Amino acid sequence: MDKWLSHPTAIKVISLMIGILMWAVVHFDSDKTPNTVANLTETQEIDAVQVKPIGMDDKNFALRLLDPGAVHLTVRGSRSDFLIAQAGNDYEVTVDLSQAVEGRKVLPVKVNLPKGLELIDVSPSNVTVVLERIVTKEFEVSIKTEGTPGKGYKIGQPVVKPNNRVHVTLPKDQMSLVDSVGGTLSVEGEEETVNDKKMKLVAYDKEGNELTDAIISPSVVEVEIPITKPFKKLPLQIGFRGSLPEGYAMSSFSQSVDQITVYGPQDVLDKYDYYDGITVDLSKLKESGTMELDIPPMEGIANVDPQKVSFEYKIVLAETKVMSHLPVKMIGLSEGLNAKVTLPPNGMVDAIVKGASNVLAQLESKDVQLIADLTGLGPGSHVVPLEMHLPQFVEQAPNAPITVTVEITDSTATIAQPDTENGNGVPATDETDAEAPSGDGSGTGADTDSGVNAPSGEGAADGAEEKSSNSAATTP
């Protein structure tokens with residue numbers, strides 16, 4: 001090596017190279033050597049670089065305007081740096097909104113370039129921003145249904161869980177657009193209550209369009225939609241069978257509910273005016289107390305509410321009471337016949353009834369009805385047993401049956417005798433014939449056409465006396 005360096009030719013070559021290098025360094029000028037610079041750096045125009053807002057308080061403000069949304073960059077650098085930047089898309093333009101408040105502001109942009117690149121120009125260098133304050137308002141959830149439930153079923157009021165109030169957050173300029181918050185559920189063909197159906201809530205404007213920017217809290221709720229049969233409220237009528245032990249009477253009897261709600265198809269409900277599905281067996285009641293009975297569904301009824309009814313009753317020793325001068329009501333008399341009570345002579349009957357003392361104290365003559373059924377009886381004198389209709393918990397005293405003697409006459413036979421004298425011994429005229437008893441029951445105590453009863457009380461007695469007089473007039 002030392003020999004090579006000491007060779008004259010080698011020394012000359014080395015000296016020449018050093019001289020050339022020193023000349024190049026001394027005479028290099030970037031402004032005067034465009035060919036050399038072009039080989040090292042270049043300038044590029046970068047269009048449509050998006051402006052990114054940073055630092056905004058998005059809990060209290062919403063960005064309503066960013067204008068322009070993109071800028072133009074002029075950048076210088078080596079070709080290799082441009083290639084690297086293009087591959088990574090590393091051009092970043094930001095606008096700082098950390099100090100911005102509600103309203104319109106003009107703010108500068110900040111450009112961050114990839115390593116090795118130099119910013120020559122940015123256009124524009126400022127952007128206009130508009131911030132709107134965000135507000136929160138409470139709304140009631142509105143649930144709508146679509147479709148038709150099973151035949152005969154009805155849709156109840158939807159229930160929202162945990163509650164039907166939610167909060168909607170929107171920029172102040174959009175809050176006025178909110179008309180409702182809720183959703184729609186299908187009940188097509190449903191025959192049972194829709195339980196715990198999860199639903200995502202949506203804010204709508206007046207036209208029913210969704211407001212996608214709305215933030216709803218909570219955003220998901222559970223919904224229950226009652227599906228029920230049609231219902232109807234009916235008075236609850238209690239029936240009784242059997243009787244209390246001999247010598248006892250019901251002093252009071254009260255029930256916990258007087259009417260119930262029944263559910264079923266509408267055509268079935270229309271058939272019922274009252275509900276009488278419960279019968280109390282009095283023979284099983286030995287002393288005062290309370291009892292509870294089920295209310296069973298009647299034919300076609302799906303269910304009832306309430307399902308039970310309770311009773312409170314008081315049993316006491318029975319007493320008797322004489323009801324005097326009771327009129328007799330006659331029914332079932334055939335057409336063309338007249339009838340009157342001949343025994344007792346005045347047509348009034350006394351009856352003995354039994355019951356609790358407090359019940360008997362309130363019993364009046366108008367509360368007792370005596371019925372004489374003349375169905376199938378022809379002209380002549382008949383002993384007819386009376387049927388007694390009494391208020392609840394009042395009975396006819398045992399061993400005290402009542403009968404009356406009824407005289408039935410043929411009204412058409414009376415009209416057919418033109419020579420019959422009237423009650424004053426004067427031959428009957430057309431006028432007296434018209435006043436004679438006829439098939440319409442006038443003055444006879446009975447309606448011969450339909451079996452409607454004769455007038456009772458004094459009216460019945462007067463009618464009996466009038467018929468007696470007319471009968472005397474028709475005697476040969």
Side-chain angles (χ1 to χ4, degrees), residues 136-169 178-212 214-238 255-279 291-311:
T136 299
K137 185 177 179 181
E138 187 179 65
F139 286 86
E140 182 175 347
V141 177
S142 175
I143 303 299
K144 298 181 180 179
T145 59
E146 61 181 8
T148 304
K151 182 179 179 181
Y153 287 83
K154 290 186 176 181
I155 304 173
Q157 182 67 32
V159 179
V160 180
K161 302 176 183 179
N163 59 65
N164 67 336
R165 309 294 295 185
V166 296
H167 292 88
V168 177
T169 301
V178 180
D179 181 66
S180 64
V181 178
T184 303
L185 282 178
S186 174
V187 294
E188 182 66 33
E190 294 287 352
E191 296 183 356
E192 295 182 356
T193 295
V194 178
N195 288 309
D196 301 332
K197 187 76 171 181
K198 292 186 181 297
M199 169 183 283
K200 181 180 179 182
L201 299 178
V202 178
Y204 298 96
D205 62 13
K206 292 182 178 180
E207 284 72 36
N209 301 314
E210 180 180 351
L211 300 174
T212 56
I215 300 174
I216 304 174
S217 179
S219 60
V220 177
V221 295
E222 290 185 351
V223 180
E224 177 181 308
I225 302 180
I227 305 294
T228 62
K229 286 277 191 181
F231 66 90
K232 184 178 183 180
K233 291 187 179 294
L234 296 174
L236 180 60
Q237 181 172 332
I238 307 301
Q255 57 197 62
S256 58
V257 293
D258 293 322
Q259 66 176 10
I260 62 173
T261 304
V262 296
Y263 298 85
Q266 191 62 52
D267 57 342
V268 174
L269 297 182
D270 292 340
K271 298 178 182 178
Y272 290 96
D273 294 321
Y274 58 90
Y275 202 85
D276 60 352
I278 297 180
T279 300
M291 64 186 304
E292 185 178 67
L293 296 177
D294 293 329
I295 304 178
M298 298 174 65
E299 182 179 358
I301 299 298
N303 59 292
V304 298
D305 182 36
Q307 296 181 346
K308 294 181 180 293
V309 59
S310 58
F311 305 97

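Both backbone and side-chain heavy atoms feed into the values below; hydrogens, waters and symmetry mates do not. Just so it is clear, the model here is predicted, and its values are computed rather than measured.
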Q: Run the numbers on Thr261 and Lys233 for side-chain contact (heavy atoms from CB on, under 4.5 Å), then give the verdict.
A: CA-CA 4 Å; Thr261 304; Lys233 291 187 179 294; 3.0 Å; yes

(Q) To the closest 0.5 Å, what do you measure between NZ (Lys198) and CD (Glu222)? (A) 4.0 Å

Q: Nearest 0.5 Å please: distance from the CD1 atom of Ile143 over to the OG1 atom of Thr184.
A: 8.0 Å

Q: Measure the shortest side-chain to side-chain distance between Val309 and Gln255 over non-hydrogen atoms and say whether it is less than 4.5 angstrom.
A: yes

Q: Search all heavy atoms of Pro296 against all heavy atoms of Ile278 and return the closest pair with its distance.
A: CD-CG1, 4.2 Å

Q | For Pro218 against Val166, the heavy-atom pair lying closest together | A | CD-CG1, 3.8 Å

Q: Measure the NE2-OG distance between His167 and Ser219 for me, rounded to the nearest 0.5 Å.
A: 14.0 Å

Q.
Using side-chain heavy atoms (C-beta onward) and a distance below 4.5 Å, is Ile155 in contact with Pro149?
A. yes

Q.
Walk me through whether Lys137 and Val178 qualify under side-chain contact (heavy atoms from CB on, under 4.5 Å).
A. CA-CA 10 Å; Lys137 185 177 179 181; Val178 180; over 6 Å; no

Q. Would you call Tyr274 and Asp276 a side-chain contact if the rule is heavy atoms closer than 4.5 Å?
A. yes

Q: Could you pull out the closest heavy-atom pair between Gly147 and Val187, with the gap in Å?
A: O-CG2, 3.7 Å

Q: Report the C-alpha separation of Thr169 and Thr136 in whole Å, then their side-chain angles, then the decisive distance to 0.1 Å, and conclude whether the side chain to side chain donor-acceptor pair (under 3.5 Å) test is met.
A: CA-CA 4 Å; Thr169 301; Thr136 299; 2.9 Å; yes

Q) How far apart are the C-alpha atoms of Lys161 and Glu224, what are their side-chain angles, what is the distance that settles it, and do they pass the salt bridge (Lys or Arg N to Asp or Glu O under 4.0 Å) test? A) CA-CA 8 Å; Lys161 302 176 183 179; Glu224 177 181 308; 3.2 Å; yes

Q | Over all atoms of both residues, closest heavy-atom pair of Pro226 and Gln157 | A | CD-O, 3.3 Å

(Q) In the structure I gave you, are the side-chain heavy atoms of Ile225 and Thr193 within less than 4.5 Å of one another anywhere? (A) no

Q: Can you establish whether the number of heavy atoms outside Lys197 located under 6.0 Å from its atom NZ is more than 12?
A: no

Q: Specify the closest pair of heavy atoms between Val304 and Pro297, including all atoms of both residues, with the distance to one decimal.
A: CG1-CA, 4.4 Å

Q: Would you give the length of the straight line joining atom CD1 of Ile227 to atom CG of Asn195, rounded to the nearest 0.5 angstrom?
A: 10.0 Å

Q.
A side-chain contact here means heavy atoms from C-beta on lying under 4.5 Å apart; do Leu269 and Val262 qualify?
A. yes

Q: Give a yes or no on this: more than 12 heavy atoms of other residues, nucleotides or ligands lie within 6.0 Å of atom CD of Gln266.
A: yes

Q.
Is it true that, when you exclude Glu292 itself, more than 12 heavy atoms of the residues, nucleotides or ligands shown sit nearer than 6.0 Å to its CD?
A. yes

Q: Taking the side chain as every heavy atom from C-beta outward, state whether Val168 and Val181 have any atom pair closer than 4.5 Å.
A: yes

Q: Would you mind reporting whether Tyr275 and Ile260 have side-chain heavy atoms less than 4.5 Å apart?
A: yes

Q: Find the distance between CD1 (Ile295) and CD1 (Ile301) and round it off to the nearest 0.5 Å.
A: 12.5 Å

Q: Please check if the side chain of Lys144 supplies one atom and the backbone of Gly182 the other of a donor-acceptor pair under 3.5 Å.
A: no

Q: Compare every heavy atom of Glu299 with every heavy atom of Val268, then report the nearest pair and how far apart it is.
A: CG1-O, 3.9 Å

Q.
Quick check for you: to the nearest 0.5 Å, what is the distance between Asn209 atom CG and Asp179 atom CG?
A. 11.0 Å

Q. Side chains of Phe139 and Arg165: does their closest heavy-atom pair fall under 4.5 Å?
A. no

Q) Would you find more than 12 non-hydrogen atoms of other residues, nucleotides or ligands less than 6.0 Å from Phe311 atom CZ? A) yes

